[in-house]
Amino acid sequence: MIAERQKINSFEMAKRQVDIASKYLDLDPGSVEKLKNTKRELIVHFPVKMDGGTVRIFTGYRVQHNVSRGPAKGGIRYHPDVDLDEIRALSMWMTWKSAVVNIPFGGAKGGVQCNPKEMSLHEIEHLTRRFTWEISLMLGPEQDIPAPDVYTSPQVMAWIMDTYSILKGYSVPGVVTGKPIELGGSLGRFEATGRGVVITSLEALKCLKMPMEGAKVAIQGCGNVGGVAAMHFDRLGARVIAISDSQKGIYNEKGLNVKRILEYKSKHQCFVCEEKEETEITNQQLLELDCDILVPAAIENQITEKNASRIKAKIITEGANGPTTPEADEILSDRGIFIVPDILANAGGVTVSYFEWVQNLQELIWSEEEVLERLTRIMQRSFKEVLDLSLSRKIPMRTAALVLGIGRVAEATRLRGLYP
Ligand code: NAD
């Protein structure tokens, strides 16, 4: 029971994934060890003046996992559970993800242990500005470029950009992506991760010869990733039967009115059952619903060895990072469930972040159609590359994605050689 209550260590999980993928790559033990370790880690404890006048100390992290293929890239998360190992794991997954979609970025992640739901906008702004200052020695358009993640928003990115620009003495839009459009954000960035989830789900459906029209979809999380994915599934004729937030979910076997539910949630920060077929469900019940596509789009370690045997979805498209543990993976794989792994399924975000960065550096503005067309092409190509590898090597989709991503990073590292 004690073991059951312990938090699953995401970094140990990420390192195990490297071991699994390394079996299919001809790498020397030293290279594997390098890939399993992060490059730079900064821990900061910093003061923030709260609204009541008191000063609170917060702990924040910025970790760069690997920069062999380009500048470090990865989101910043504000959540009470943030710790160093979680940020290490997320930075490693960013490295593989950038390599899977073959864009010239390395991997990084950052976070502050805090509960933004209990903080005012002013307090979040002060926290963001001080945290940016604390980690500014690692940041820069050529060094390390943050983006939004759990409980951070375009507004938070605007404060990061402003603080960094003040430190430099001139505007540096390329230091961060996921900014508001008015500050050099890219059209299509806000929707990118959710759209990528839908594009890869569509490819998975094709593999199983199933139509999108009428497909039953259950989505855990209704934030940037889950909310946008729900809207796009709905637009394509799928039936979104359930969606949740951190408190609870809402379920209608016939399909939810996604627009109404998301509008209500954004106004009142909760769900309410308005139609007689709608019922409240828990996050655990949502994961185990009878559906065609399950999209975990909240946090890590949601599908574990405890519930994997009860998952009824035919396809799992991982909008969240690390929602499935390796033990659960084996169970799902044995049961023939088609998994679109996180480092492929949610790579739409980093892909359009790359477009935003390119536009900032070259002072270009692309249309939304241009962004979406490029995103779709990259997501479809990456899906095909992972699928082909999975079929030719007879390995699960996750292992194939890891082999593709880690293989590309390992080759870049080999070509660069070891200094001195
Ligand atoms: P968000 O803050 O916009 O939304 C998070 C959602 O998760 C909210 O609906 C929240 O209520 C829900 N949630 C939080 N804790 C939960 C819990 N314990 N149980 C169930 N639900 C819970 O964050 P987001 O940007 O949508 O990120 C969601 C996931 O997608 C994260 O794993 C993130 O790392 C990943 N991701 C995000 C992006 C991006 O571009 N934003 C890109 C790639 C991957």
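When a residue number appears, it is its place in the shown sequence, counting from 1. Note that the structure is predicted; figures quoted are calculated from it, not measured. Note that ligands are numbered from 1 as they come in the structure, with each ligand's atoms numbered from 1 the same way. Values below: every heavy atom of this structure, side chains too, minus hydrogens, waters and symmetry copies.
Note on Asp19 versus Lys36: salt bridge recorded, some NZ/NE/NH1/NH2 to OD/OE distance being below 4.0 Å. Salt bridge Glu123/Arg129: absent, no basic N to carboxylate O contact under 4.0 Å. Looking at Asp342 and Lys97, no side-chain N of the basic residue comes within less than 4.0 Å of a carboxylate O on the acidic one, giving no salt bridge.
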Starting from the N and O atoms of ligand 1, find every protein N or O within less than 3.5 Å and list the pair with its distance.
{"unit_1": "ligand 1", "atom_1": "2 (O)", "unit_2": "Tyr151", "atom_2": "N", "d": "2.7"}
{"unit_1": "ligand 1", "atom_1": "3 (O)", "unit_2": "Asn224", "atom_2": "N", "d": "2.8"}
{"unit_1": "ligand 1", "atom_1": "9 (O)", "unit_2": "Cys222", "atom_2": "N", "d": "2.9"}
{"unit_1": "ligand 1", "atom_1": "9 (O)", "unit_2": "Gly223", "atom_2": "N", "d": "3.2"}
{"unit_1": "ligand 1", "atom_1": "11 (O)", "unit_2": "Ser246", "atom_2": "N", "d": "2.9"}
{"unit_1": "ligand 1", "atom_1": "26 (O)", "unit_2": "Asn224", "atom_2": "N", "d": "3.2"}
{"unit_1": "ligand 1", "atom_1": "26 (O)", "unit_2": "Val225", "atom_2": "N", "d": "2.9"}
{"unit_1": "ligand 1", "atom_1": "30 (O)", "unit_2": "Gly319", "atom_2": "O", "d": "3.4"}
{"unit_1": "ligand 1", "atom_1": "32 (O)", "unit_2": "Ala298", "atom_2": "O", "d": "3.0"}
{"unit_1": "ligand 1", "atom_1": "32 (O)", "unit_2": "Asn321", "atom_2": "N", "d": "3.1"}
{"unit_1": "ligand 1", "atom_1": "34 (O)", "unit_2": "Arg77", "atom_2": "NH2", "d": "3.0"}
{"unit_1": "ligand 1", "atom_1": "34 (O)", "unit_2": "Asp149", "atom_2": "OD1", "d": "2.7"}
{"unit_1": "ligand 1", "atom_1": "34 (O)", "unit_2": "Asp149", "atom_2": "OD2", "d": "3.4"}
{"unit_1": "ligand 1", "atom_1": "34 (O)", "unit_2": "Asn321", "atom_2": "ND2", "d": "2.8"}
{"unit_1": "ligand 1", "atom_1": "40 (O)", "unit_2": "Arg189", "atom_2": "NH1", "d": "3.4"}
{"unit_1": "ligand 1", "atom_1": "40 (O)", "unit_2": "Arg189", "atom_2": "NH2", "d": "3.1"}
{"unit_1": "ligand 1", "atom_1": "40 (O)", "unit_2": "Thr193", "atom_2": "OG1", "d": "2.7"}
{"unit_1": "ligand 1", "atom_1": "41 (N)", "unit_2": "Asn224", "atom_2": "OD1", "d": "3.1"}

Side-chain atoms of residues 405-412: list all donor-acceptor pairs with protein atoms under 3.5 Å, sequence neighbours left out, distances to 0.1 Å.
{"unit_1": "Arg408", "atom_1": "NH1", "unit_2": "Ala99", "atom_2": "O", "d": "2.8"}
{"unit_1": "Arg408", "atom_1": "NH1", "unit_2": "Val100", "atom_2": "O", "d": "3.1"}
{"unit_1": "Arg408", "atom_1": "NH2", "unit_2": "Glu385", "atom_2": "OE1", "d": "3.0"}
{"unit_1": "Glu411", "atom_1": "OE1", "unit_2": "Arg414", "atom_2": "NE", "d": "3.0"}
{"unit_1": "Glu411", "atom_1": "OE2", "unit_2": "Arg414", "atom_2": "NH2", "d": "2.8"}

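Annotation: cation-pi geometry not satisfied between Arg88 and Trp93 (NZ/CZ under 6.0 angstrom from ring centroid, within 45° of ring axis).
For the salt bridge (Lys or Arg N to Asp or Glu O under 4.0 Å) test with Glu263, the passing option among Lys259, Lys265, Lys267, Arg260 is Lys259; the others fail.
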